[in-house]
Amino acid sequence: MSTLVSRLFGAFVLSAVACKTATTTSTTPPGEVAKASPEALREVILAASDLPPTHGALPDDPLAVSVHRLANGLTVYISTDRQKPRFDAWIAVRAGSRSDPANSTGLAHYLEHMLFKGTDELGTLDHAAEAPHLARIEQLYRDLRATTDADKRKQLFAELDAENQKVAATAIPNEFDRVYAELGIFGVNAFTSFDQTVYIVDVPSNRFDVWADVEAERFTDPVFRLFFTEMEAVYEEKNLSLDNPWVRTYYATTRNLFPRHPYGTQTTIGEIEHLKVPAYQDMVDYFERWYVPNNMAVVLAGDIDAETALPKLEQTLGKLETKSLEPLDPGSLKPIEARVQTDVIAEGEQEVVLAWQTSAADHADEPALTVMDWLMDNSTSGLLNVELELSQKVPSASAGGTFLQAAGWFTVRAQLRDGQTHEQVEALLLGVVEKLKRGEFTPEDVAAIVLNQDIADKRARESNDFRARKMTDAFIQRRSWKHMVARDHKIRAVTRDDVIRVANTYLGKNYSAVHRRAGKPEVAKIDKPTLTPVELHPERHSAFAEAALKRPAKQLDPEWLVEGTHYARAELPGGPLVAVKNGRNDLFSLTYRFERGHQRERMLCHALDVVEQSGAGELSAEALKKKLFALGTAVHFSCDAHESAITVEGVDANMEQSLALVDRWLREVKIDPVVLRGIADNVISTRRDAMEDPDELAGALADYAIHGKDSEYLQAPTNAQIAAARPEALAKLARDFLDHQHKTLYFGPRAAPEAAKAVALGKNHRKLPLRPPVAYRKVAKPTLYFTHRDVAKSTIAVALPSRALAREQRPAARLLSEYLGGGMNTLLFQEMREARGLVYYAWGVLFAGSRPSDAWALRGGLGTQSDKTSEALKVFFELLGRPLDAVRLGSTRAAIEQEYRSSRVDPRASAWMVHAWDELGEKSDPRPWVWQTIGAMTQEQLQGFAASFAAVPPIVGLVGNRERVDLEGLKKIADVVEVAPAALFSYGSFPKAQTGAVAAR
């Protein structure tokens, strides 16, 4: 699968209605429709809406999904799971960027943003007062779209800003998010793609009724207030995409494959020329056209059932008005006739991405195409993994399949290393595709994929998110749930011949080739109008919000983790074991964690990387990978400056065999000198690319600014050390790896005593000292470290450090973190994005250290347009120093209260949670104490704690464009220290031969 590379009484009644609809409307003459009753007319509309059949849970469905229909045509999917007292609630609309008018792209996406702004009752104190200003704003946007005169546009923007302020006089920005947070409804978000717009939340089971009321209000009477401010956030998101070469490569691929269809001609965020003149009325029309119940579905996954949900949904969202659906322009999905190439210029790595048009999601070939994807890339033993990665022909390669409602495509990609041309790498990829088409794989390879698909599905079914996503896919892609269940059986029946057939059917000479080439891209710029900040007034509440928050509900009781009930401890020869029982399925997960990284043993991480690409004893690397894959076992090595780990996951029945193979892998690792040389070349090539990539630089600069010489990026081995590494020395590091003290974290179906007998690894374990405490750079005055890149956005990291503080301060750290940056309803996000349109994202969290000896720091981050950098930083620091607001603090406390009451620690995460408490020296679950302390903490106490950080000289890391970030303005905020990329990494010089290769690019 691709590494790249997308929530019973009524059941019977509604199912009968649906069946009646299909029968009666087929005999209604078209001329009689106008004379029909409203009920009969609705039957006609629903019959034309391509809605899925309704039914109870199917007998062979492990998700036990039931499908229902409200009287107005709204489809309801329900999959019940009682693991925790919460459920995922998704509302899906069959309309995305594919439905945007060709001359007004981006509509679906910015409508998604606007549906968080409230209604005529939510998000405002007085809708009647704002209504004339909203009408004026609609007219001003029409006028704006009708003129290209620069002076006239400037005047119109000024009027829009003034009218926006008049709307803000009675508005309550982000009241939607605030209400949900205080009710304990989390994960409030949405996403838009080609075929869909989906609104998602995670709801406590005692808040179903109020959630349904709020959502009905949202989709019945939305008001698109503060549109002028929100467009700034859309501009920010567009700039993020302009700077992201992966996004540009993706859209280049879809343009090549679908030159006459919206899948290729329209981007989800929208084209710059359309965003400059946003079509307000088109957005309103889009809502009226597509946001109708017979084009929408409610998807519920978790602690909810049909008997509870359907009556309330009929009373609320069931009141939405059924409307006829206009047909979409179908475009042309005729496949391209020959190879089409596009070049994408970007800093960082170079790559080749090839793609072929395949089938829609509901096509009979989709299961075989999915198995084909696994055969090409399963991250272990796929054709690309073996032919290109294990052989070190390229640094990385992957494949992925995409299936949309009307079409799909299959992608293969590979990264270039120094000295390679795009043509050479394209030829390598095509060579692997030809092996696939010739059938150079075995039936055993296909059988292993079936096993691994079963494992992946078992794991995924533990998640409400997976259940919700799969049900949403069924609705958007117009697949019946019976088809979804049958498809899961069909994928297990795919044969080798099926894969060979689809490979030869679809992977021809008519494909897209995108070559990502090294260079400085031309950075587009959206000219933005002057925006006056909106006053937020957190003390305001609409009558609707107050009623929702006062709605009585049965209080949920929190659940704390208790040793002996939720987890158990044991002692292994190598160190402590924390074991958690898996009561859902037969899967296990084991992690062996060592207090040992490349700061203590410089070449350790490189040695583990080499092990991952090597064989053991008489087993070649390919044979070893295939053996693990055939067992359904995944092995992951991780390593950084201070710690390393091995994680082994799979089926319980194969656990002993898997662990024996891992032990042998390390003890008998066989490192081929030629392969080692290739690994070194690829590592060095990838490092060179990383030093040019803006996102990689942002991470390295943040660590350098905050930690100075202790930055993790300065602890890695040099290029010379990588090049000089010898097989014998690396093999010794591997052989000795398990023979050090470590902690073992187990999740699986065995009880702790039985697990302890089977999971111990290593011998004569050497004692390891603890890592040194985390320390932060000390500065006497505000200091900003700057690295230049030609980008449209600025990426900013901030730290206000402190010494290690006492345990008693940890509840204050939790409360302050939630107040500042816990979500969309919090101070930084609201003030910086919602009120001012300054950033796309803003966060702030109190890092309290994972051990008592670690220093603390208030950390934050911003993503903003280059020309707003100075202003954004000024506002960020002003907000940190602002006195705490009592109303906002009360909302924060309410959100934390509901989180503790309704959340449950996922059993898979429980061992890690216990490990984190062990690190802090906690003898048991500390959350009851944190919760009680937060409840008793006064505003004055928290204010004093916050003030101690606000008074610290801040440290800032900034990657941005020197020509556009206003360095002179930044110098008024902090001392500016420019840092070259080479100073951020420990790599040292690069080999001359590779330098020459780069120069020739």
Side-chain angles (χ1 to χ4, degrees), residues 113 116 172-178 180-182 186-189 226 229-230 232-233 236-237 240 531 533-539 698 702 706 782 784 793-801 812-848 856-865 868-896 939 942-943 945-952 954-958 973-974:
H113 283 237
F116 288 89
I172 313 173
N174 261 70
E175 187 173 45
F176 183 94
D177 298 290
R178 193 193 320 166
Y180 269 178
E182 292 188 36
F186 306 137
V188 182
N189 214 327
L226 305 180
T229 308
E230 190 61 26
E232 285 291 284
E236 293 284 357
E237 199 166 352
L240 288 173
L531 173 67
V534 169
E535 290 285 340
L536 288 181
H537 298 292
E539 75 283 355
I706 293 168
L784 185 151
K793 72 175 187 301
S794 291
T795 304
I796 306 168
V798 179
L800 291 84
R814 170 71 203 281
L815 182 55
L816 183 61
S817 292
E818 290 293 328
Y819 178 89
L820 291 174
M824 292 184 182
N825 64 304
T826 53
L827 177 73
L828 293 172
F829 187 89
Q830 283 196 1
E831 288 283 357
M832 300 198 72
R833 173 165 160 169
E834 298 297 318
R836 295 170 171 82
L838 274 177
V839 298
Y840 181 67
Y841 66 83
W843 59 271
V845 174
L846 207 299
F847 276 59
W856 293 30
L858 199 164
R859 299 274 300 271
L862 310 169
T864 184
Q865 297 174 57
K868 294 181 177 181
T869 304
S870 289
E871 185 182 359
L873 268 176
K874 287 177 186 175
V875 173
F876 185 85
F877 292 136
E878 184 271 322
L879 292 171
L880 294 184
R882 182 183 290 186
L884 299 176
D885 179 86
V887 175
R888 192 184 296 281
L889 184 57
S891 177
T892 303
R893 289 184 199 271
I896 292 175
Q939 181 171 337
L942 186 63
Q943 182 69 68
F945 179 73
S948 69
F949 285 91
V952 171
I955 304 166
V956 181
L958 165 62
I973 300 173

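Atoms considered below: every heavy atom in the structure, side chains included; atoms not considered: hydrogens, waters and symmetry mates. A quick note: this is a predicted structure, and the numbers were derived from the prediction, not measured. The residues of the chain are indexed from 1 along the displayed sequence.
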If you measure from [atom1] on [X] to [atom2] on [Y], what distance do you get to the nearest 0.5 Å?
X      : Y      : atom1 : atom2 : result
Phe949 : Trp856 : CZ    : CH2   : 6.5 Å
Ser870 : Ile973 : OG    : CD1   : 5.0 Å
Leu889 : Leu815 : CG    : CG    : 5.5 Å
Leu816 : Leu942 : CG    : CG    : 5.5 Å
Leu879 : Glu831 : CG    : CD    : 5.5 Å
Asn825 : Glu834 : CG    : CD    : 10.5 Å

How about Val875 and Arg836: do any of their side-chain heavy atoms sit closer than 4.5 Å? yes
Compare all side-chain heavy atoms of Val956 with those of Ile796 and state whether any distance is below 4.5 angstrom. yes
Any idea which heavy atoms bring [X] and [Y] closest together, and the distance?
X      : Y      : value
Pro173 : Leu226 : CG-CD1, 3.8 Å
Tyr819 : Pro883 : OH-O, 4.3 Å
Pro801 : Ala857 : CA-CB, 3.8 Å
Gly844 : Leu820 : O-CB, 3.8 Å

Test Arg893 against Glu818 for side-chain contact (heavy atoms from CB on, under 4.5 Å), laying out the working first. CA-CA 9 Å; Arg893 289 184 199 271; Glu818 290 293 328; over 6 Å; no
Salt bridge or not for Glu878 and Arg882, using N-O below 4.0 Å? yes
Taking atom types as modelled, is there a side-chain donor on [X] or [Y] under 3.5 Å from an acceptor on the other?
X      : Y      : answer
His537 : Glu539 : yes
Gln830 : Arg178 : no
Ser891 : Glu182 : yes

Take Leu880 and Leu800, measure what side-chain contact (heavy atoms from CB on, under 4.5 Å) needs, and give me the verdict at the end. CA-CA 10 Å; Leu880 294 184; Leu800 291 84; 3.9 Å; yes
Backbone N or O of [Y] within a donor-acceptor pair of the [X] side chain at under 3.5 Å?
X      : Y      : answer
Ser817 : Leu846 : yes
Gln943 : Leu884 : yes
Thr864 : Leu838 : yes
Lys868 : Gly837 : yes

Can you sort out the partners of Glu230 under salt bridge (charged side-chain N to carboxylate O under 4.0 Å, His left out), two or more places apart, ordered by chain and number? Lys117, Arg833
When Asp177 is tested against each of Asn189, Thr826, Val188 for side-chain contact (heavy atoms from CB on, under 4.5 Å), which residue passes? Val188
What pairs with Phe876 under ring-ring contact (aromatic ring centres under 6.0 Å, His included), at least two apart in sequence or on another chain? none
Check the pair Gln865 / Lys793 against side-chain contact (heavy atoms from CB on, under 4.5 Å), numbers first and verdict last. CA-CA 4 Å; Gln865 297 174 57; Lys793 72 175 187 301; over 6 Å; no
Evaluate the side-chain contact (heavy atoms from CB on, under 4.5 Å) criterion for residues Val798 and Arg859: first the C-alpha distance (whole Å), next the side-chain angles of each, then the deciding distance (0.1 Å), finally the verdict. CA-CA 6 Å; Val798 179; Arg859 299 274 300 271; over 6 Å; no
Students often mix this up, so state it plainly: with edges at 30° and 60°, are the rings of Phe847 and Trp843 parallel, tilted or perpendicular? tilted
Going by side chain to side chain contact (heavy atoms under 4.5 Å, CB included), name the residues that satisfy it together with Ala842, two or more places apart in sequence or in a different chain. Leu828, Met832, Val839, Leu862
